[in-house]
Amino acid sequence: MCGIVGYIGKKNATEVVLNGLQRVEYRGYDSTGIAFIKNKSIQIYKKSGRLTQLLSVVQPDDNITNVAIGHTRWATHGIPNDSNAHPHSDNHNNIAVVHNGIIENYRNIKTMLLQKGYNFSSDTDSEVLAVFISSIYDEQINKDITEATRLALAKVQGTFGLLVISKIEPNKIVCARRGSPLILGIGEDDNEFIVASDQTAIVDYTKKVIFIEDDEMVVISNDGYYLKTLDNIAIKTKETSLIEFELGQLEKGGFEHFMLKEIFEQPETIMNATRGRMIQELGEIKLGGLSDFTDILTNMKRIIIVACGTSWHSALIGEYLIESLARLPVEVEYASEFRYRNAPLLDTDLVIAISQSGETADTLEAIREVKRQGVPVIGIVNVVGSTIARETNAGVYLHAGPEIGVASTKAFTSQVMVLLLLSIHLGLLHNKLSSNKAKKLIAEINKLPLQINKILSNKDKIKDIAIQLASSPNVLYLGRGLGYPIAMEGALKLKEISYLHSEGMPAAEMKHGPIALIDKNMPVIVVAMGEQDNKIWSNVEEIRTRGGRIILIDNEGNSAGRVNKEDIIIEVPRSVIEVSAILGVIPLQLLSYYVANHLGREIDNPRNLAKAVTVE
Ligand code: G6P
């Protein structure tokens, strides 16, 4: 989703900001732009399309400046064209703003500004904000762009991550946040700053950061920075943090796409999710982020998991795991639906929020609703220091490293891994799981990296299957038990990056409607994996009878004697059912990747998608 970058310091700001925009490309966008002050005037360059379009009209070396702001836009209000791209300016070209989020009352403000004689050249809510700030500045007796911004923001409803530059006060960037992430990077000698919506845009220059909170402003200049609240109260001290990942993790490392690199990182990311958290000899799990939460974990009676997209699929697996290993009731909710349903929560509930990015607006709002009702909420998050990580009461990090491919892969398997560890932990705490069973599960988990490598080494066969699949406009994915959320995740991966229509569902549900779609042109991917074995084979027969083409994901040796010569089978190493979800999804990730690659899709930045969806 939209990305923001701003820089002030001794380096060439145009170059730093364009480089930062390249770093946030992965979040998903449809237009880009940059503004800087040159020859005492604001220069704005913006283009619809990819960053290369912008680079064709603005070159860093031709535009050496010390202050610049830039933006990647993911359209909400107004189609993705040049004029709707950010930065936006006011009617006098005095200021330029980049804005993430949505100004919900922009129509009222626009009407008021039109009545006062101001004009607009775009359809965006963000231009309204730029003109609004400028109109307040016009009316000020003591002209001050920071105060004009603050007063404008006091009147807007909605969300913003905002940067403002002004040619009248040229050596500063005014930044503000409500509901849209903003991070301040502090560079050399504490008088060089890079502010961005994402740590990936900062790490090239510094690892020292301050997380700006909602309703805070920060003003940066060559002389330093100061923070205050939007209520105009100075913030004297603010903790600095260090970015935890390395620059190399943002490179493709020889792979054609980030997605492929991330699929191949999974033997390692799975180990990272478990490192220091399993005590094999004792059959115990240690989750440091939950150590102060033992009483709540022991006394709670129901778990509600909130998430979106891929994270929602890992939540479904979590439901299965917690119910079977800890015998606790679990409900899985789409965060967006849960947030507005006014669902009654109980004192004995625990909510788990799952999010790779830690910035998903729907999930964040669900967390706030849970906290409003006084119920504890823990996070399972990848991005360290992200808003969800900070707003939940406690949590467990995935430690999967930055995930750049929009379609989540390694974060998904790490989420499932952490949910499995949590399920074992809860099972032990609630006396529903013996330490012997826990030891066995830990032993199986320890085998995973080698088993994943084995699946990855089968990539050429999966690629061949993908090439056959690529000509089918529709694909069904079926599974039972744990195979069902894997089927859902497989279908989501395929549609996200190949744009083929695909649907995942419980295998038994097929006969209640979707079976009408089955004929010789419909490939059906069946995630068998030994789950309700006889029943799933009956479902396979129902498909065969109607001429459907079967692609089977199954444990090694499980299908022997049952497959027909027309069936395609992809085998995965055998494990216990609780662990096998992680193995079952990996061939489906590879399959989607190779279909999309065969079709020439933009795999890391699929159309219309955003990595972190920061609007509701
Ligand atoms: C977006 C992404 C999905 C992701 C979902 C939830 O829609 O495109 O890939 O699964 O957000 O993201 P989260 O960061 O909360 O896991």
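Keep in mind that this is a model prediction, so the values were computed, not measured. Start at 1 with the first residue, then count along the sequence. For ligands, and for the atoms within them, numbers begin at 1 and follow the listed sequence.
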Exercise for review: Would you mind checking if Lys611 and Asp198 are paired as a salt bridge, meaning a charged N to carboxylate O distance below 4.0 Å?
Suggested key: no

Review point. ring-ring contact (aromatic ring centres under 6.0 Å, His included) with His425: which residues, sequence neighbours excluded?
Key: none

Exercise for review: Would you please write out the protein residues whose heavy atoms approach any atom of ligand 1 to under 4.0 angstrom, listed by chain and number?
Suggested key: Cys308, Gly309, Thr310, Ser311, Ser355, Gln356, Ser357, Thr360, Val406, Glu496, Ala610, Lys611, Val613

Check your understanding: Residues in side chain to side chain donor-acceptor pair (under 3.5 Å) with Lys410, at least two apart?
Key -> Glu265

Point to revise | Donor-acceptor contact present, side-chain Arg390 to main-chain Gly385, <3.5 Å | key: yes

Study note, to complete from the structure: Taken in chain and number order and not counting sequence neighbours, the residues that satisfy side-chain contact (heavy atoms from CB on, under 4.5 Å) with Tyr334 are Trp312, Ser336, Glu337

Review point. So does Glu251 pair up with Arg23, basic N to acidic O under 4.0 Å?
Key: yes

